[in-house]
Amino acid sequence: ETGLEQFAGGEAVDNLFARWRFGASHGAPPVPDSEEMRKALQTACYGSKSFAELRGLLGDGGLERVLLQSLPPGQRELLNQLAPEKIQLPSGRSAKVQYVDGQPPAVASRLQDFFGMKETPRVAGGRVNVVVHLLAPNYRPVQMTQDLAGFWERLYPQVRKELGRRYPRHSWPE
């Protein structure tokens with residue numbers, strides 16, 4: 001009755017459902033109806049005696065885990081394949097994919113994390129390019145692109161010069 005936002009930040013819940021809708025539009029299982037969600041939450045809440053206990057159980061990503069675990073295993077893997085929660089970057093870091101209804105998925109990380117990645121990451125079985133937000137070492141935006149190969153070829157040489165002057169301690173390979 002108090003709403004899902006009581007147990008997880010509204011942004012986390014919004015991103016989960018936008019991810020789910022994106023995946024469903026590309027062949028993943030549909031977003032569960034409110035009755036299925038209610039059952040999953042009821043099962044997860046069994047034995048809890050207060051909202052504080054529920055927040056402890058469902059906070060910090062717990063709500064998302066409970067809702068995703070309500071899917072049968074094959075459907076959960078299909079959702080993760082078509083609409084992954086994170087993308088692995090060449091630097092070894094993983095970046096969270098942001099899903100917003102009506103927009104292509106996006107990922108943001110420091111420019112150096114993308115060194116070695118020649119092509120734009122794709123989701124939905126390789127059918128949809130992710131919008132890449134390239135950030136400076138101070139995490140401020142430098143460039144947004146859906147064509148990473150074109151960025152490396154046409155724009156990176158100029159960006160490299162500017163960032164090399166501003167951040168001389170960082171490596172800016174050609």
Side-chain angles (χ1 to χ4, degrees), residues 4-5 7-31 58-69 71 75-174:
L4 296 176
E5 289 77 18
F7 306 106
E11 186 177 318
V13 172
D14 290 345
N15 192 57
L16 173 64
F17 286 116
R19 175 181 169 224
W20 226 322
R21 285 187 291 274
F22 175 84
S25 71
H26 293 284
V31 178
L58 297 175
D60 194 30
L63 177 62
E64 292 93 330
R65 282 190 298 277
V66 165
L67 293 175
L68 289 171
Q69 287 171 353
L71 287 173
Q75 291 182 357
R76 199 172 327 136
E77 278 85 32
L78 183 59
L79 176 64
N80 289 332
Q81 181 184 18
L82 295 173
E85 183 179 1
K86 296 180 179 182
I87 290 179
Q88 191 69 30
L89 302 175
S91 67
R93 293 183 185 205
S94 60
K96 186 173 180 158
V97 181
Q98 293 294 320
Y99 295 89
V100 177
D101 290 330
Q103 298 177 15
V107 65
S109 195
R110 294 179 312 147
L111 177 64
Q112 293 97 330
D113 293 335
F114 292 93
F115 286 165
M117 184 177 274
K118 294 180 173 135
E119 295 295 320
T120 307
R122 294 171 177 261
V123 293
R127 295 184 302 263
V128 178
N129 280 353
V130 173
V131 176
V132 178
H133 295 256
L134 301 166
L135 310 176
N138 64 356
Y139 291 95
R140 290 191 179 150
V142 173
Q143 183 71 36
M144 252 176 41
T145 185
Q146 279 188 299
D147 178 17
L148 201 53
F151 168 78
W152 294 129
E153 185 180 317
R154 293 184 300 276
L155 298 173
Y156 177 68
Q158 181 62 33
V159 169
R160 180 179 163 271
K161 287 178 191 174
E162 292 172 19
L163 292 177
R165 282 193 301 267
R166 202 175 304 153
Y167 303 100
R169 292 184 181 176
H170 293 268
S171 173
W172 303 103
E174 289 183 32

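For this chain, numbers begin at 1 and follow the sequence in order.
Looking at heavy atoms from C-beta onward, Ser171 lies out of side-chain contact with Gln112 at the 4.5 angstrom threshold. Side-chain atoms of Val132 and Thr120, non-hydrogen and from C-beta on, do get closer than 4.5 Å to each other. At a threshold of 4.5 Å between non-hydrogen side-chain atoms, the residues Leu111 and Val159 count as touching. Considering only heavy atoms from C-beta on, Arg19 stays 4.5 Å or farther from Leu82 through its side chain. Side chains of Gln103 and Val131 form no contact here, defined as non-hydrogen atoms less than 4.5 Å apart. Using a 4.5 Å heavy-atom cutoff, the side chains of His133 and Pro141 are not in contact.
Looking only at distances, no side-chain donor or acceptor of Trp20 sits under 3.5 Å from a matching main-chain atom of Ala83.
For the atom pair Asn129 CG and Glu119 CD, the distance stands at 8.5 Å (nearest 0.5 Å). With values rounded to the nearest 0.5 angstrom, Gln88 atom CD is found 11.5 Å from Arg93 atom CZ. Between Arg21 atom CZ and Leu16 atom CG the span is 9.0 Å, to the nearest 0.5 Å. A distance of 13.0 Å separates CE of Met144 from CZ of Phe151, quoted to the nearest 0.5 Å. One distance of note links OG of Ser109 with OH of Tyr139; it measures 6.5 Å at 0.5 Å rounding. Taken to the nearest 0.5 Å, the CZ atom of Arg110 stands 12.0 Å off from the CG atom of Leu134.
Here the closest heavy-atom approach between residue Ala95 and residue Ala108 is recorded as CB-O, 4.0 Å. Of all the heavy atoms in Pro173 and Tyr156, the pair that sits closest is O-OH, 2.8 Å. What you find for Asn15 and Lys96 is that their closest heavy atoms are ND2-CE, 3.6 Å. The two atoms that bring Val97 and Pro105 nearest to each other are CG1-CB, 3.7 Å, heavy atoms only. In terms of heavy atoms, Val142 sits closest to Leu135 at CG2-C, 3.8 Å. Taking both residues in full, the closest heavy atoms of Ala136 and Leu163 are given as CB-CD2, 4.1 Å, listed atom of the first, atom of the second, then distance.
Under the 30°/60° scheme for interplanar angles, the aromatic rings of Trp172 and Phe115 are found to stand perpendicular. In this structure, His26 and Phe22 have tilted ring planes: the angle between them lies in the 30° to 60° band.
For Arg140, the CZ atom is loosely surrounded, since the number of other residues' heavy atoms within 6.0 Å does not exceed 12.
Residue pairs satisfying the salt bridge (Lys or Arg N to Asp or Glu O under 4.0 Å) criterion with at least one member in residues 155-168, sequence neighbours excluded, are listed as follows: Arg160-Glu174.
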